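Atoms within each ligand, like the ligands themselves, are counted from 1 in listed order. What you see is a predicted model; the values in this text were computed from it and never measured.
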Amino acid sequence: MSKLHQDRIANVASRLVRTNNDVIFVTPGADLRYLTGYDALPLERLTCLAIRSNGDAWMIVPTLEKPSALAHHVPDMGIELLDWQETQDPYSILLKSVGSITQPLVNNLMWVEKAFGLQGASQVNVELAGKLLSDIREVKTEHEIACLHEAGAAIDAVHDKMHLWLRPGRTEREVGKDIAEAILAAGHVTVDFVIVASGPNGASPHHELSDRVIESGDPVVVDIGGTMASGYCSDCTRMYVCGSAPAEYLEYYAVLFAAQEAARLHARPGVTCESVDAAARDILVSAGLGDQFIHRTGHGIGMETHEEPYIVTGNKSLLVPGHAFSIEPGFYFAGKYGARIEDIVTCNQDGILSANNTSRELVIL
Ligand code: ZN
Ligand code: ZN
């Protein structure tokens, strides 16, 4: 894969020329993994990639991480590998190799401690990379799209087995533990989140597992995801009810189902991100559920669960082939219940393909 990563680094360098920045610094996280394939530990010790606009690149790692960097073939992709020992100053070692800098960028999720370290050692203010990196990462290659569909199939396999775990009398935490094991068994290497939000807890979109006992008639929001060995993430929400849900809930759910479907039918290359949000939102608003739809319709997904492009009012960016994002409208009634239907979809030349393909109907258990 080193040719792939060399190309990505060269792409960053050419964009630095366009933005008049001379260097970008990138610390461990999805940006570093995307650019180099190296999933370095985010430690208090400095690991940092530096790419100059002329294409030269360095990576400094703590000496004890050097075997790991070598195992990830860092020097094979044209990156000069530097290391620093416990009592040395890594910032000055890195900057000595990189040379003088005037307009440096740092990746958005760099720890402030590291950004200040770079500023202190260089005496130059750093700026956020912003769209320089996200513009590259948000347009996926065919291989990346395949990885996202593989992740989608893996999380679908977990939703398919929900009847084994979700039933009245069990706590959300007990159900969540079973789901987490199944996420790993389905091929993910990490469990990133497990939301089991029963009854009134469903009104909190990011509810954390609790000891609430699931009752008969509870609608249950199950939103789950993990990361595959490829580095790509899954994220899918399905709705379950143990027994029979309240009649008005079924009416609201039918509206939500139509809203989610409308957004999927609307999404295609050439339409704006905000128009996909509107396609779902308009239906919920018309049915009087606008105030209950308290979040955007979706987010991009790749090596991070949430990344560009965001499917939100105000985002006038056009969808293009290679985009991957969620479509996940919901409604939330405080103290009563909530609902969300979520698919990851990928954009191709003709339209979109869904990475999640289990039934979107309310599943009666
Ligand atoms: Zn999501
Ligand atoms: Zn989700």
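Here His299 reaches the Zn ion (ligand 1): one of its N/O/S atoms is less than 2.8 Å from the metal. Within the coordination shell of the Zn ion (ligand 1), defined by N, O or S atoms under 2.8 Å, Asp235 is present.
For Ala229 against Arg33, the heavy-atom pair with the smallest separation is O-NH2, 3.2 Å. When all heavy atoms of Leu284 and Gly330 are compared, the closest pair comes out as CD1-O, 4.2 Å.
Counting just the N/O/S atoms of Glu342, the one with the shortest distance to the Zn ion (ligand 1) is named OE2. Atom OE2 is the N/O/S atom of Glu328 found closest to the Zn ion (ligand 1).
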Under the criterion side-chain hydrogen bond (donor to acceptor under 3.5 Å, both in side chains), I'd like the reasoning laid out for Tyr240 against His159: C-alpha separation, chi angles, the key distance, then a yes or no. CA-CA 10 Å; Tyr240 300 86; His159 273 297; 2.8 Å; yes

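Between His299 and Glu307, the side chains place no donor N or O within less than 3.5 Å of an acceptor N or O (distance only, hydrogens not considered).
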